[in-house]
J.: 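My questions all concern the structure below.
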There are 2 protein chains.
Amino acid sequence: MAKPNMKDVARAANVSPMTVSRAFKQSATVSDATRERIMKIAEEMGYVFDSTASNLRSQKTGFIAVIVPTINNANFADTVRAMSEGLRTQDLQILLGYTDYDIQEEERLIEQLLQRRPEAITLTGGKHTPRARRLLLNAGIPVVETWDLPPDPIGHAVGFSNAAAGRLMLEHFVARGYRRIGFIGGDESRDSRGLERRYGFIRALAEHGLDTTRLVASGPPPISMHEGAMSMRELLEKWPDTEAVMCVSDLSAFGALTECQRRGIDVPGQIAIGGFGAYDIAEHCVPALTTIDANAAEIGRQTAKVLLEHRHAMAGKKPFEFPQRIIQLTPTLLPRETT
Amino acid sequence: MAKPNMKDVARAANVSPMTVSRAFKQSATVSDATRERIMKIAEEMGYVFDSTASNLRSQKTGFIAVIVPTINNANFADTVRAMSEGLRTQDLQILLGYTDYDIQEEERLIEQLLQRRPEAITLTGGKHTPRARRLLLNAGIPVVETWDLPPDPIGHAVGFSNAAAGRLMLEHFVARGYRRIGFIGGDESRDSRGLERRYGFIRALAEHGLDTTRLVASGPPPISMHEGAMSMRELLEKWPDTEAVMCVSDLSAFGALTECQRRGIDVPGQIAIGGFGAYDIAEHCVPALTTIDANAAEIGRQTAKVLLEHRHAMAGKKPFEFPQRIIQLTPTLLPRETT
DNA sequence: GGCGGGCATGCTATCGTTAACATGCCGTAT
DNA sequence: ATACGGCATGTTAACGATAGCATGCCCGCC
């Protein structure tokens, strides 16, 4: 009793395999009666359509490769979720890979995923190895870089300026009257988006003639609550008179906040804290955390939209060169109780 | 300039396609010199191995289908991550699907994913539609149900007793001297694991002769911080003299905690709070949250282990019936500051 | 009545790789 | 010198679906 294939179903239904094939396609032209009969017989026989064969013959896989730094982060998870929501109607399946914030690993992943012949690929960030760039350019499929606006995009891009996000928080601090200001983040260049936020923040500090040295770096990403707490400790030791600090993400900001609470330091009375990412926790913690909303879900939605448009354009009788799309989103400041 | 295939590479390297194929297989028998030459030529030509053809011919896809309720939850994300870590060495690619806590959607996903011919499939929970069960039983691949110990497993299982987890927290409450005790969770049967925890909790309440009516149900899953806060409000209104409450997860527990903080209610002085899941936030919040560690990552690791063992067993010359594995993990109570 | 068009269905070749079997060559044991 | 084993490589025929084209039939229009 081997697993039945289309030929077996065709025989049982007394039609050609081609008709069975058509019965399984949404769009194909089969009479309703025939389709129903075939589907019923197929279900009874326990037939399960074999995508692998279909993929090979039709040269379409229905895969979208999606590469993120990690799935254990609500921001990226939100983006992936929104993207897959946007693609679900089209029977597209996401092939997920994560890099752990390492562009070497990203290269490895890209190579591996391209072998699966995805119909498009989305990346997080705009920094890649030269070989990764080459592979992507030669792949002949739509490429979308997200969460960033690379100076030299490979294909499409859906993102925002992380530097502007950093600047946004600094301006908020200044407007609130804070002058001795620090930044807590990672220490390597692995998280280039976090680094960009720091650069933007520091540049704005300098423009205001403020001290730009109060920086705490707490190791390689991910920078989470624990690192935030540790960094706050370090900051308070080195520069006890600091009035405000931005953290690279809400998670580290929350860690920093808890450290203050444990030490009986009033937030924002003695020190103000700003985060990034508009995580759930920032909205709910007490005091609620001032943060920047980069609109993770919107990045996913827009990415899905670009991909569907590209796909639609290519499906035309005369596929034309689909123009590059650069979708620039604007991060929003959410002022709350910690500043 | 179409994309080159194996034949093109073979021609350029002056060997047969078969030799190129072997050069790309880790295990195959090709002389080092030939392999190196082929790989170099392939890279120069921009050849990218086509898995879709390989999958069809070899009847092996290297896919593992993984179905979770949602990826926007640190617990499930941890499990998936640990699992993919365990499988990475074998060049296995995870095909991720999420159900939004809906077994109809799960059935749809199972059908869709099986068409991709995964070599194994893992599910979250043990409750499925009849058709889903049938599809899984007929699929002829290893099936692992996780995060639960189903009474009648389809194949393997890696999980723990959610009822025991609920009981564990109740016993802790009682040992601490609390008597008027409530439970905050979802209201539907969609999250069967959360429901099991509640049942276990209530049964234990009853055994101690305590009031079992202080239950707040806050809508369909996911139950997160917002729902936790709302539910705490409801609990305090209906039963203001409640001494302790367990929440279905740390996220809702944190929400409940923040509601108390906003109202100036001392935790645990006036009310104790217990969570579930050992999320990061439970460890870091102030006061730190008493919780139960279900060991999400270990579930992933054990699942990967079972799959690899099964796979290994089937690869033998004489594949035998691989015995069913039921891996029972034990949730641990982490007593902290909220109780 | 003849003819054109649209719809349902069938036939054949093919997608790119690899399982299975075949071949040839070299070294070593007898 | 002969035989045999082992390794590197080649040949052929699939894997299971479907693109592209062909066919037959029914219907309506002039």
Side-chain angles (χ1 to χ4, degrees), chain A residues 2-39 41-42 45-63 91 114-119 140 315 317 319, chain B residues 2-39 41-42 45-63 91 114-119 140 315 317 319:
Chain A
K3 295 184 76 175
N5 60 19
M6 227 171 228
K7 213 186 270 180
D8 300 324
V9 176
R11 205 173 299 125
N14 208 29
V15 292
S16 76
M18 197 59 232
T19 303
V20 179
S21 172
R22 289 191 180 107
F24 273 86
K25 296 276 124 187
Q26 191 79 32
S27 55
T29 146
V30 199
S31 75
D32 288 348
T34 310
R35 170 175 277 136
E36 261 172 53
R37 188 164 51 89
I38 290 174
M39 295 310 267
I41 291 175
M45 296 176 73
Y47 170 70
V48 178
F49 182 87
D50 189 334
S51 290
T52 65
S54 170
N55 292 345
L56 174 59
R57 174 64 243 237
S58 66
Q59 298 290 78
K60 281 186 193 169
T61 58
F63 283 133
D91 262 327
L114 286 180
Q115 299 188 164
R116 302 275 185 189
R117 295 291 187 269
E119 299 182 33
K317 286 293 120 190
Chain B
K3 295 185 76 175
N5 60 20
M6 229 172 224
K7 213 186 267 181
D8 300 323
V9 176
R11 204 174 300 125
N14 209 28
V15 292
S16 76
M18 196 60 231
T19 303
V20 178
S21 173
R22 290 191 178 107
F24 273 85
K25 296 278 123 188
Q26 192 76 35
S27 55
T29 145
V30 197
S31 75
D32 289 347
T34 310
R35 170 174 276 134
E36 261 172 54
R37 187 164 52 89
I38 290 175
M39 294 310 267
I41 289 176
M45 295 176 75
Y47 170 71
V48 178
F49 182 87
D50 188 335
S51 290
T52 65
S54 171
N55 292 346
L56 175 59
R57 175 63 244 236
S58 66
Q59 298 289 76
K60 281 187 194 170
T61 58
F63 283 133
D91 262 328
L114 286 181
Q115 299 189 165
R116 302 276 185 190
R117 295 290 187 271
E119 299 183 32
K317 284 295 121 192

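Since the model is a prediction, treat every value here as computed from it, not as a measurement. Lettering follows sequence order; numbering is per chain, from 1.
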J.: Measuring from atom CZ of R35(A) to atom OG1 of T19(A), what distance do you get when rounded to the nearest 0.5 angstrom?
T.: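 That separation rounds to 11.0 Å.
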
J.: Below 4.0 Å from chain A heavy atoms, what is the first contacting nucleotide of DNA chain C and what is the last?
T.: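 Boundary nucleotides touching chain A, in 5' to 3' order, are dA8(C) to dG16(C).
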
J.: So what is the end-to-end bend of the helix from dG1(C)-dC30(D) to dT30(C)-dA1(D), with 5 pairs used at each end and the value given to 10 degrees?
T.: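 Its terminal axes enclose an angle near 40°.
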
J.: Identify whether any heavy atom of S31(B) sits under 4.0 Å from a base atom; if not, whether one sits that close to sugar-phosphate; answer base, sugar-phosphate or nothing.
T.: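 The residue S31(B) makes sugar-phosphate contact but no base contact.
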
J.: Could you give the distance from OG1 (T52(B)) to NZ (K60(A)), rounded to the nearest 0.5 Å?
T.: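 If we round to the nearest 0.5 Å, T52(B):OG1 and K60(A):NZ are 14.0 Å apart.
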
J.: Which value, rounded to the nearest 0.5 Å, describes the distance between K25(B) atom NZ and S54(B) atom OG?
T.: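 Rounded to the nearest 0.5 Å, the NZ-OG separation comes to 4.0 Å.
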
J.: Side-chain contact test, heavy atoms from C-beta onward, threshold under 4.5 Å: evaluate it for D91(A) versus Q26(A) and give yes or no.
T.: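 Contact flag for D91(A)/Q26(A) side chains = no.
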
J.: Side chains of R116(B) and N55(A), heavy atoms from C-beta outward: is any pair under 4.5 Å?
T.: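 Yes, close enough: below the 4.5 Å cut-off.
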
J.: Nearest 0.5 angstrom please: R22(A) CZ to S16(A) OG, how far?
T.: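 Result: 7.0 Å between the selected atoms.
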
J.: Could you please spell out the steps behind the side-chain contact (heavy atoms from CB on, under 4.5 Å) verdict for V9(A) and M6(A)?
T.: CA-CA 5 Å; V9(A) 176; M6(A) 227 171 228; 5.5 Å; no

J.: Have a look at T29(A) and say if it touches a base, only the backbone sugar-phosphate, or nothing, with a 4.0 Å heavy-atom cut-off.
T.: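 Touches a base.
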
J.: Any chance you could measure L56(B), atom CG, to S51(A), atom OG, to the nearest 0.5 Å?
T.: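 L56(B) CG to S51(A) OG: 11.5 Å, rounded to 0.5 Å.
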
J.: Please report the shortest heavy-atom distance between A42(A) and F24(A), naming the atom on each side.
T.: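 So the two residues come closest at CB-CZ, 3.9 Å.
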
J.: If you look at every strand shown and take non-hydrogen atoms under 4.0 Å, does V15(B) touch a base, only sugar-phosphate, or nothing?
T.: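 Result for V15(B) = sugar-phosphate.
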
J.: Using a cut-off of 4.0 Å on non-hydrogen atoms, how would the nucleic acid contact of T34(B) be classed: base, sugar-phosphate, or nothing?
T.: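 T34(B): backbone/sugar contact only, no base atoms under 4.0 Å.
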
J.: Once you round to the nearest 0.5 Å, how far does CD1 of I41(B) lie from CG of D8(B)?
T.: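 The CD1 atom of I41(B) sits 12.0 Å away from the CG atom of D8(B).
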
J.: Return whichever of P4(A) or M18(B) has its heavy-atom-nearest nucleotide of DNA chain D closer to the 5' end.
T.: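 Nearest-nucleotide comparison on DNA chain D picks M18(B).
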
J.: A side-chain contact here means heavy atoms from C-beta on lying under 4.5 Å apart; do R117(B) and V48(A) qualify?
T.: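 Yes, their side chains come closer than 4.5 Å.
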
J.: Can you give the first and last nucleotides of DNA chain D, 5' to 3', that have an atom under 4.0 Å from a heavy atom of chain B?
T.: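 Extent of the interface on DNA chain D: dA8(D) to dG16(D).
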
J.: Within the structure shown, what part of the strands sits under 4.0 Å from F24(B) by heavy-atom distance: base, sugar-phosphate, or nothing?
T.: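 Answer is nothing: F24(B) stays at 4.0 Å or more from every strand.
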
